[in-house]
Amino acid sequence: MVTVILGAQWGDEGKGKLSDILCQKAQVCARAAGGHNAGHSVVANGVSYDFHLLPSGLINPNCTNLIGSGVVFNADAFFKELATLEEKGLKHVREQLLVSDRAHVNLELHARVDGLEEAELAGNKIGTTGRGIGPSYATKAGRNGIRLHEIFDQEKFETKLRNLYAGYKKRFGDLLQYDVEAEIARFREYRKELGKYVVDAVEFMEDAQKSGRDILIEGANALMLDIDYGTYPYVTSSNTGIGGVITGLALDHRNLKEVIGVVKAYTTRVGGGPFKTEDLGPDGEKLQQVGREWGVSTGRKRRCGWLDLVVLKYSNKVNHYTSWNITKLDILDTFPTIKVAVAYKDPATGEEINYFPADLDYLDTLEVVYKELEGWQTPTTAAKTFADLPPQAQAYVKFIEEFTGVPVKWIGTGPARDDMIFL
Ligand code: 2SA
Ligand code: GDP
Ligand code: MG
C-alpha cells in the first residue's frame with residue numbers, strides 16, 4: 001500500500017520529519033518530482049540530517065529509496081549528499097538507493113541558465129534556488145533534455161550536451177559563462193559510478209506494488225508551488241501535487257491508502273510571489289526567529305505570516321488529502337493571540353471571496369478576513385497526546401479541522417522524532 005506525504009502550502013512545512021517517522025516502517029521511500037532544490041531537515045536520534053535530492057527514507061537501513069522518473073537529477077549533488085550522510089554515520093546509504101533511468105539530468109548548464117533567466121526578470125524575480133530546476137524541466141518539455149540512461153553512451157551524451165549548449169549560447173551569447181568540456185569530463189567520472197544505481201523504475205515500482213511492499217512517497221516543495229496549480233509564475237517547474245506523484249512514479253492509483261497534507265501552523269514562503277497573510281511587522285519577525293525559518297538548501301530567510309485557510313481549502317481541492325499533519329504548533333506557544341485567514345474580501349464590491357483566484361493581479365487587490373483565536377501561552381513540546389495540549393491549542397487544531405473538512409491525524413510540537421502527537 002502507498003502513503004503519500006505532500007506539502008499543502010509553499011513548502012518547508014516539515015515533510016521530512018513525517019517521512020522519517022513513517023519510513024521507519026516502510027520498505028520503499030520514493031521521490032516523484034523536483035530536484036536538489038528541495039530541503040528536508042530531519043532530527044533523528046539526536047542527529048540533524050539535511051536532504052535535498054535524496055529521500056529521507058535513507059535513515060532507515062531497511063528501506064530502499066528511489067529517485068523517480070519525474071525528478072530532475074543532479075549527479076554532483078547526488079554524490080555530495082551521499083558523502084555527507086555517510087560522514088554523519090549512515091553507512092549503508094549507497095546500498096539503499098536507486099535512480100530511475102527515465103529521470104532527466106540536471107546540469108551545471110541549467111544552473112547557469114537559471115541565474116541568467118532570473119537576472120532578466122529584474123524586479124520580478126521568481127526567487128529560485130538557482131539550482132537550474134526550471135531550465136531542466138524546460139529542456140525536458142522542449143524534448144531536447146538528456147535522460148539518465150543516455151549518459152552511458154558517451155558519444156550521444158556529448159552530442160546532446162553540445163547541442164543544448166549551442167542553443168543557449170545563441171540566446172545568451174557571452175553572458176553565458178559555462179565550461180562544456182569540464183561538464184563532459186565530470187560525466188566521464190559520474191558514468192563509472194552511476195551505473196549501479198540506475199534502474200528501470202517502472203519495473204521496480206511494479207514489482208514493489210505487486211509484492212505488497214509498504215511504500216512511502218515523500219513530496220517535495222508544495223502545492224502552492226505546483227506548475228499548474230500554484231501561484232504561477234511564482235512556482236517551481238514540476239507538478240508537486242498528487243498528479244505529479246502518480247506520473248513521476250508510474251504509481252497504481254488503486255494502491256493509494258493515505259494522502260497526508262503537511263501544514264505548518266502558520267505560513268512561510270521563500271522567494272517571490274503572492275502571500276496574502278504575510279506579516280511584515282513584529283509577529284512575522286517573531287515567527288521567523290522562533291521558527292528558525294531559513295532555507296535548508298540556500299540559507300535564505302523565509303517570509304512569514306499567519307495560517308491561510310483559504311489556501312488550505314484550495315490545496316485540498318487539488319490534492320484531496322485524507323488527513324492533515326499540522327506541524328510547528330510549538331512555534332505559536334508564546335503568542336497571546338493567533339490570527340487565521342478565513343476568507344478574502346473584494347474591496348470594490350464588498351463581496352467575500354472563498355476561493356483562491358488564478359489571477360494574481362486580482363488576488364493582489366483582495367483584503368484578508370481574519371479570525372482571531374486565543375493563544376495558549378504554554379509550552380506544548382512535552383505534550384504526547386491531544387488531551388495533553390492546552391485547551392486553546394486543541395481549539396486551534398479543531399478549528400482547522402472543521403473549517404477544511406479534513407481530519408488532523410498528526411500534530412508536530414518540536415523538531416525531534418518524538419515531538420509528534422498521533423490522533
Ligand atoms: P526553483 O529553484 O525553480 O524550484 O524555485 C522556484 C520557486 O520554488 C521555491 N522553492 C522552494 N520553496 C521552499 N523550500 C524549498 N526548498 C528549500 C528549503 C529552499 C531553500 O527547504 O528551504 O533552501 O531556499 C524550495 N525549493 C524551491 C523557490 O523559493 C521559488 O519560489
Ligand atoms: P520540508 O521541506 O517540508 O521537509 O521542511 P524543512 O525541513 O525545510 O523545514 C521544516 C523545519 O522545521 C525543519 O528544520 C524541521 O526540523 C523543523 N520541524 C518540523 N516539524 C517541527 C515541529 O513540529 N516543531 C518544530 N519546532 N520544528 C519542526
Ligand atoms: Mg524544505
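Quick note: numbers below take in every heavy atom, side chains included, and nothing from hydrogens, waters or symmetry partners. Atoms within a ligand are numbered from 1 in the order they appear, just like the ligands themselves.
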Discussion item. Within the structure, is a non-hydrogen atom of Gly39 found at a distance of less than 4.0 Å from ligand 2?
Written reply: yes
Response to the item:
Here the atoms of ligand 2 under 4.0 Å from any heavy atom belonging to Val296 are 8 (O)
Practice prompt. To the nearest 0.5 Å, tell me how far Glu183 CD sits from Phe157 CZ.
Written response: 6.0 Å
Item to complete: Would you check whether Leu329 has a nitrogen or oxygen atom less than 3.5 angstrom from a nitrogen or oxygen atom of ligand 2?
Response: no
Fill in: Donor-acceptor side-chain pairing of Asn37 and Thr129 below 3.5 angstrom
no
Worksheet item: Do Tyr137 and Thr236 get their side chains close enough for a donor-acceptor pair, meaning under 3.5 Å?
Response: no
Practice prompt. Please work out whether any backbone atom (N, CA, C, O) or any side-chain heavy atom from C-beta onward of Asp330 is under 4.0 Å from ligand 2, and answer side chain, backbone, both or neither.
Written response: side chain
Practice prompt. Verify whether one side chain among Gln209 and Asn255 offers a donor that lies under 3.5 Å from an acceptor in the other.
Written response: yes
Worksheet entry | ligand 2 contact by Glu218, heavy-atom criterion under 4.0 angstrom | no
Worksheet, complete the sentence: Within 4.0 Å of some non-hydrogen atom of Lys17, the atoms of ligand 2 are 19 (C), 20 (N), 23 (O)
Practice prompt. Before signing off on this row, confirm whether Asp419 and ligand 2 have an N or O atom pair separated by under 3.5 Å.
Written response: no
Item to complete: Quick one: list whatever passes ring pair (Phe, Tyr, Trp, His ring centres under 6.0 Å) with Phe335, sequence neighbours left out.
Response: Trp306
Worksheet item: Any side-chain donor-acceptor pair under 3.5 Å between Asp114 and Thr128?
Response: yes
Practice prompt. Pick one of side chain, backbone, both or neither for how Ile331 approaches ligand 2, counting any non-hydrogen atom pair under 4.0 Å.
Written response: side chain
Worksheet item: Do any N/O atoms on Gly14 end up under 3.5 angstrom from N/O atoms on ligand 2?
Response: yes
Discussion item. Do Leu53 and Val71 make a side-chain contact, defined as non-hydrogen atoms from C-beta onward lying under 4.5 Å apart?
Written reply: yes
Item to complete: Have a look around the Mg ion (ligand 3) and list protein N/O/S atoms under 2.8 Å, or say none.
Response: Asp12 OD1, Gly39 O
Practice prompt. Measure the distance from atom 10 (C) of ligand 2 to every protein heavy atom, then report the residue, atom name and distance (to 0.1 Å) of the closest one.
Written response: Asp12 O, 3.7 Å
Worksheet item: Which option out of Met420, Lys328, Lys264 puts a heavy atom nearest to atom 23 (O) of ligand 2?
Response: Lys328
Response to the item:
Tightest non-hydrogen contact, residues Met205 and Leu249, listed as CG-O, 3.4 Å
Practice prompt. Give the numbers and elements of all ligand 2 atoms closer than 4.0 Å to a heavy atom of Gly412.
Written response: 23 (O)
Worksheet item: Counting heavy atoms only, which of Ser297, Ala265, Ala8, Ser41 comes nearest to atom 16 (O) of ligand 2?
Response: Ser41
Practice prompt. Assess the side chains of Ser136 and His104: does a donor N or O sit below 3.5 Å from an acceptor N or O?
Written response: no
Worksheet item: Under 6.0 Å between ring centres, would you say that holds for Phe399 and Tyr396?
Response: no
For ligand 1, output the ligand-protein N/O contacts shorter than 3.5 angstrom; if there are none, return none.
{"from": "ligand 1", "atom 1": "2 (O)", "to": "Thr129", "atom 2": "N", "distance (Å)": "2.8"}
{"from": "ligand 1", "atom 1": "2 (O)", "to": "Thr129", "atom 2": "OG1", "distance (Å)": "2.6"}
{"from": "ligand 1", "atom 1": "4 (O)", "to": "Asn37", "atom 2": "ND2", "distance (Å)": "2.8"}
{"from": "ligand 1", "atom 1": "4 (O)", "to": "Thr236", "atom 2": "OG1", "distance (Å)": "2.6"}
{"from": "ligand 1", "atom 1": "14 (N)", "to": "Asp12", "atom 2": "OD1", "distance (Å)": "3.0"}
{"from": "ligand 1", "atom 1": "14 (N)", "to": "Asp12", "atom 2": "OD2", "distance (Å)": "3.0"}
{"from": "ligand 1", "atom 1": "16 (N)", "to": "Asn37", "atom 2": "O", "distance (Å)": "2.9"}
{"from": "ligand 1", "atom 1": "21 (O)", "to": "Asp12", "atom 2": "OD1", "distance (Å)": "2.6"}
{"from": "ligand 1", "atom 1": "21 (O)", "to": "Gly39", "atom 2": "N", "distance (Å)": "3.3"}
{"from": "ligand 1", "atom 1": "21 (O)", "to": "Gly39", "atom 2": "O", "distance (Å)": "2.8"}
{"from": "ligand 1", "atom 1": "22 (O)", "to": "Asp12", "atom 2": "OD1", "distance (Å)": "3.3"}
{"from": "ligand 1", "atom 1": "22 (O)", "to": "Val296", "atom 2": "N", "distance (Å)": "2.7"}
{"from": "ligand 1", "atom 1": "22 (O)", "to": "Arg302", "atom 2": "NH2", "distance (Å)": "3.0"}
{"from": "ligand 1", "atom 1": "23 (O)", "to": "Val296", "atom 2": "N", "distance (Å)": "3.2"}
{"from": "ligand 1", "atom 1": "23 (O)", "to": "Ser297", "atom 2": "N", "distance (Å)": "2.5"}
{"from": "ligand 1", "atom 1": "23 (O)", "to": "Thr298", "atom 2": "N", "distance (Å)": "2.7"}
{"from": "ligand 1", "atom 1": "23 (O)", "to": "Thr298", "atom 2": "OG1", "distance (Å)": "3.3"}
{"from": "ligand 1", "atom 1": "24 (O)", "to": "Thr298", "atom 2": "OG1", "distance (Å)": "2.5"}
{"from": "ligand 1", "atom 1": "24 (O)", "to": "Arg300", "atom 2": "NE", "distance (Å)": "3.3"}
{"from": "ligand 1", "atom 1": "24 (O)", "to": "Arg300", "atom 2": "NH2", "distance (Å)": "3.2"}
{"from": "ligand 1", "atom 1": "26 (N)", "to": "Asn37", "atom 2": "O", "distance (Å)": "3.3"}
{"from": "ligand 1", "atom 1": "26 (N)", "to": "Asn221", "atom 2": "ND2", "distance (Å)": "3.1"}
{"from": "ligand 1", "atom 1": "29 (O)", "to": "Gly127", "atom 2": "O", "distance (Å)": "3.3"}
{"from": "ligand 1", "atom 1": "29 (O)", "to": "Val270", "atom 2": "O", "distance (Å)": "2.8"}
{"from": "ligand 1", "atom 1": "29 (O)", "to": "Arg300", "atom 2": "NH2", "distance (Å)": "3.1"}
{"from": "ligand 1", "atom 1": "31 (O)", "to": "Val270", "atom 2": "O", "distance (Å)": "3.2"}

Worksheet entry | Minimum-distance protein heavy atom relative to atom 1 (P) of ligand 2 | His40 ND1, 3.3 Å
Worksheet item: Taking both backbone and side-chain atoms of Gly414, is any N or O found less than 3.5 Å from an N or O belonging to ligand 2?
Response: yes
Worksheet item: For Val43 and ligand 2, does the shortest N/O to N/O distance drop below 3.5 Å?
Response: no
Practice prompt. Could you verify whether a donor N or O on one side chain and an acceptor N or O on the other, from Tyr362 and Asp346, lie under 3.5 Å apart?
Written response: yes
Worksheet entry | Geometric class of the Tyr168/His110 ring pair [parallel <30°, tilted 30-60°, perpendicular >60°] | perpendicular
Fill in: Lys15 side, atom NZ; Glu218 side, atom CD - distance, nearest 0.5 Å
8.5 Å
Worksheet entry | Any N/O pair Lys15/ligand 2 closer than 3.5 Å | yes
Fill in: Subset of ligand 2 atoms that lie under 4.0 Å from at least one heavy atom of Gly16
4 (O)
Discussion item. Classify the ring geometry of Tyr197 against Phe79: parallel below 30°, tilted from 30° to 60°, perpendicular beyond 60°.
Written reply: perpendicular
Response to the item:
In this structure, CZ of Arg302 is separated from CZ of Phe275 (nearest 0.5 Å) by 12.0 Å
Practice prompt. Scan for side chain to side chain donor-acceptor pair (under 3.5 Å) pairs involving residues 324-334, sequence neighbours excluded, and state none if there are none.
Written response: Lys286-Thr334, Glu293-Lys328, Trp324-Thr404, Asp333-Trp376, Asp333-Thr380
Discussion item. Distance to the ring centre below 6.0 angstrom and angle to the axis at most 45 degrees; does that hold for Lys398 and Phe386?
Written reply: yes
Practice prompt. Below 4.0 angstrom from a heavy atom of Arg302, which ligand 2 atoms are there? Numbered from 1 as shown, please.
Written response: 8 (O), 9 (O)
Worksheet entry | Greater than 12 external heavy atoms within 6.0 Å of Lys80's NZ | no
